[in-house]
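All values below come from the heavy atoms of this structure, side chains included, with hydrogens, waters and symmetry mates left out. Heads up: numbering here begins at 1 and tracks the sequence.
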Amino acid sequence: MMALSSLSATAGGLLTNTNQNVAFLRNPSRDAAIGIDGVYSNPAGVAFLNEGFHLSLNWQNAHQKRTVTSTFGTFKYGINNGGQMTKKFEGKADAPFVPSVQFAYNRNKWSFQFGFAITGGGGKATFDKGLGSFESVVSLIPALANSNGMNITGYDFESYLKGRQYYFGVQLGSAYKVTENLSVYGGLRVIYGSCNYYGYLRNISVEVDNKALNASEYFGSLCTQAIEGAAKCKDAAEKYVAAGMLEDAATYATMAETYATSAKKLGALSVATKDITLNCDQTGAGVAPVVGIDYKAGKWNFAVKYDFKTKMRLENKSANSESANNLSALEKFADGKTIAEDAPALLTAGIQFEPIERLRISAGYHLFFDKQAKQYADHQKLLDGNTFEYMAGAEFDINKHLQVSAGYQNTNYQFTDDYMSDISFNVSSYTLGGGFGIIINDKLKFNLAYFQTNYDTYRKQTSDYNNLSGLIGSLAGDAAAQAMVSAGQLAGKDEFTRTNRVIGLGVEINF
């Protein structure tokens, strides 16, 4: 099942997927529902199912698209950009098979439970044309070169990025009915994280006199010429000194210094325009407790669950090109590094009311403690607050063989501009889900559902696009970098949004 999985139909916090059963697609408000899907959403409530074995097998098909619309002044130099400074980058992913399993065995007052699902991560997506953070580096070449007396009219390159991020979860635990109305749960969830990032930035070329030239070779050749010029001028200066012609010596010494400065910049440009390859695998595991409580009061049911924070440390195994070290955005993927990616603690609370025998109305609230979950370089400190969700829904029994349900969920992230990047992002959203339960008999039931998430657009604007001043400083000096920032030459913006559609089929077996 892990091998066939290719996308997590994500709903929830930054590294938390709360969609682990087709019943959730039918109605996201499942925190106080009594059902086999409660192995994840309300494990204490599973104790109130009938005695015997309960099994849920789920298949979901998901389609996602992630879109970043980037605006940066030097994009206009792109040979294929038509002089435009705004460019759209899209990542798409289709997942034909996303599985999950829940199992419980109820005996007397006890319920022994097992669950497997993709508990976190953003699935995978491919950006066939790379991202704005990649292209912005290349787009600076004409501006930097022309400021040093060259005449470069355009750039071109090949760029690609594919990211895969999964957190597979196995949960084991048991619930106990303290009374006929009260049950409690304790368990452990083991999470195994597996991520891969592959991409490249290659075949960078510059347009000079209407000719496309390999950028690294072009700047390397000019660097060699500058080094030779510096050497010749230095020799001439020494000869003039020996001849007592100090004025001429000073002139050639200045020329030698100018050539040497140009050689340094051209050499840096040659190195910066070499092919860059990213190929990083990240793996790690963690374990954390899960506790819950469920209380029945007549037509009401109340439930609370708390998932403790899971400490996750991912180990990098990378085959990146040496040139990848020149991009600060790729520091996180360096070989041998240990990356902090904790799964945040999660508090859920739900309520369900049955006004008539055939109708169940529910509501819930989730709080993800994202600011307390350590990320690489303490990235979580850049959040404005913790993620929270609220949801509501209803289920109606049309007859003894057919149920219909629908629900709503609203997810609110507390992002800041400093937190957001095009390599990995999410945005606040609202979700609508609905579907049917088809009850064949007491032992067999099918769930069919459709689930669509509608995302906001997050807009980020900055005077130092992708922190490019650091790169410019290494190429042309800090003074030149700050001058470009002050002049607005590094101003840029990004707009982030996503789409997500999921269909699901599940089967519940009781025996």
Side-chain angles (χ1 to χ4, degrees), residues 70-87 89 127-161 199-230 258-278 321-330 465-477 480-481 483-485 487 489-492:
S70 301
T71 301
F72 188 52
T74 52
F75 283 171
K76 66 184 179 183
Y77 291 109
I79 292 173
N80 298 312
N81 292 349
Q84 299 298 309
M85 295 183 291
T86 297
K87 192 169 182 178
F89 301 87
F127 290 83
D128 291 325
K129 295 182 180 179
L131 289 165
S133 56
F134 284 22
E135 181 161 352
S136 61
V137 175
V138 182
S139 73
L140 283 172
I141 295 170
L144 287 171
N146 294 344
S147 67
N148 285 276
M150 298 179 227
N151 184 25
I152 295 177
T153 55
Y155 68 85
D156 199 8
F157 67 103
E158 295 178 18
S159 183
Y160 176 85
L161 177 66
Y200 54 75
L201 189 62
R202 66 190 185 192
N203 295 331
I204 301 172
S205 64
V206 291
E207 188 177 63
V208 182
D209 296 328
N210 296 319
K211 294 180 182 179
L213 305 174
N214 180 280
S216 184
E217 294 176 0
Y218 174 66
F219 292 123
S221 175
L222 293 178
C223 176
T224 299
Q225 294 176 32
I227 291 173
E228 292 173 351
T258 300
Y259 271 122
T261 300
S262 294
K264 182 179 179 181
K265 292 180 179 179
L266 290 165
L269 281 170
S270 179
V271 171
T273 51
K274 289 182 180 294
D275 290 354
I276 297 173
T277 301
L278 166 68
S321 64
E322 185 177 347
S323 53
N325 297 328
N326 298 325
L327 289 182
S328 60
L330 300 185
Y465 192 61
N466 293 316
N467 298 312
L468 288 172
S469 62
L471 176 62
I472 295 171
S474 66
L475 297 174
M484 292 183 73
V485 172
Q489 292 176 286
L490 298 186

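In this structure the side chain of Tyr218 never reaches within 4.5 angstrom of the side chain of Leu269, judged on heavy atoms. Side-chain contact between Gln489 and Tyr465 is absent, with no heavy-atom pair separated by less than 4.5 Å. Here the side chains of Leu201 and Phe157 are in contact, with some heavy-atom distance below 4.5 Å. Side-chain contact between Ser469 and Leu490 is present, with at least one heavy-atom pair separated by less than 4.5 Å. Side chains of Asp156 and Ser205 form a contact here, defined as non-hydrogen atoms less than 4.5 Å apart. At least one side-chain heavy atom of Ile276 sits under 4.5 Å from a side-chain heavy atom of Leu330. Contact annotation: the side chain of Leu140 approaches that of Ile472 to within less than 4.5 Å [non-hydrogen atoms, C-beta and beyond]. With contacts defined as side-chain heavy-atom distances shorter than 4.5 Å, the pair Val138/Ile141 qualifies.
Residue Met85 places its CE atom among 12 or fewer non-hydrogen atoms of other residues, nucleotides or ligands, all under 6.0 Å distant. Atom CZ of Phe75 is surrounded by more than 12 heavy atoms from other residues, nucleotides or ligands within 6.0 Å.
Looking only at atom types and distance, the side chain of Asn81 has a donor-acceptor partner in the side chain of Lys87 under 3.5 Å away. No hydrogens or angles considered: nothing links the side chains of Ser321 and Thr277 as a donor-acceptor pair under 3.5 Å.
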